[in-house]
Each structure stands twice: as structure tokens, then as C-alpha cells.
Amino acid sequence: MKKLLVLVLVTVFGALALAAEAAASGGLDRGLIAVGMGLAVGLAALGTGVAQARIGAAGVGAIAEDRGNFGTALIFLLLPETLVIFGLLIAFILNGKL
């Protein structure tokens, strides 16, 4: 159900962005690039949040059992952040095409 809600919201906001851009400049190319930038960052952040929620819970459990697992849990918690960095990189690359 959550996935369907996210899909509907992304579609609605994308359609609104396309309509606003088409009305402002008369072309859809800039609007589609802007929607792509938003999707790159937004979906990367959403995936990172889901991954960190599960990794964080497991990491806290591992640290509760043995404090020596703190470094490993911290590294595993930081790994999904690279998804957001890649999403921002894609957004900056697309921003150069605007």
C-alpha cells in the first residue's frame, strides 16, 4: 500500500511539474530534466531511509550483545548514504543540461 501511495504521489507531482514548466517556457525538455533531478534525489533518499532503518535496528541489537560490534555497525549504517550522494551527483549532472 505504501509503495502504491508513493507511486501515485510521484506521478501527481511529476505531472504538476510538467504542467508548470510547459506553461512557463512552452517546452517539456526542461520540465522533464527537473523531474528527473527530483526523482534521482528523492528515490535515492527514500531507498536510503528504508535501508538505514533495517540496518540501524540490527546494528543496535548487535551492539547490545557485544560492544565490539560498534565499528562494524557504524560502517554498515553509513554504506547506504552513498545512494544519496550518487543521486545528488546525477542531479548536478542533469542541472548542467538545463
Side-chain angles (χ1 to χ4, degrees):
M1 185 67 182
K2 290 180 184 178
K3 292 179 183 179
L4 179 63
L5 180 64
V6 169
L7 181 64
V8 168
L9 286 175
V10 166
T11 306
V12 168
F13 288 135
L16 288 173
L18 285 174
E21 182 62 33
S25 69
L28 288 179
D29 56 342
R30 294 183 66 189
L32 290 175
I33 290 174
V35 169
M37 289 169 51
L39 286 175
V41 175
L43 293 177
L46 184 68
T48 297
V50 170
Q52 282 186 337
R54 294 181 180 173
I55 293 171
V60 168
I63 293 170
E65 290 182 10
D66 182 17
R67 288 188 177 250
N69 291 331
F70 178 75
T72 305
L74 184 64
I75 290 172
F76 283 139
L77 187 65
L78 294 176
L79 281 176
E81 284 294 324
T82 57
L83 289 174
V84 177
I85 294 170
F86 291 146
L88 283 171
L89 180 67
I90 297 291
F92 285 135
I93 289 171
L94 289 175
N95 192 26
K97 296 183 183 235
L98 279 179

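Numbers here are sequence positions counted from 1. Heavy atoms only: backbone and side chains are in, while hydrogens, waters and symmetry mates are out.
Annotation for Leu79: hydrophobic cluster partners, listed by chain and number, are Ile55, Phe76, Leu77 (ILVMFWY side-chain heavy atoms under 4.5 Å, direct or chained). When hydrophobic residues (I, L, V, M, F, W, Y) are linked wherever their side-chain heavy atoms come within less than 4.5 Å, the members clustered with Ile63 are Phe70, Leu74, Leu78. Through side-chain heavy atoms spaced under 4.5 Å, either directly or across other Ile, Leu, Val, Met, Phe, Trp or Tyr residues, Leu89 is tied to Ile93.
For Leu94 against Met37, the heavy-atom pair with the smallest separation is CB-CG, 3.5 Å.
Grouping the Ile, Leu, Val, Met, Phe, Trp and Tyr side chains by contacts below 4.5 angstrom, directly or via other members, places Leu88 apart from Leu83.
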Anything under 3.5 Å between a donor and an acceptor, one on a side chain of residues 39-50, the other on a protein residue two or more places apart or in another chain? List them.
residue	atom	partner	partner atom	Å
Thr48	OG1	Ala44	O	2.9
Thr48	OG1	Pro80	O	3.1

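For residues 32-43, no residue pair satisfies the side-chain hydrogen bond (donor to acceptor under 3.5 Å, both in side chains) rule, not counting sequence neighbours. A side-chain hydrogen bond (donor to acceptor under 3.5 Å, both in side chains) check over residues 55-66, counting only residues at least two apart or in different chains, returns nothing. Residue pairs that meet the side-chain hydrogen bond (donor to acceptor under 3.5 Å, both in side chains) test with at least one member in residues 70-82, sequence neighbours left out, are Gln52-Glu81.
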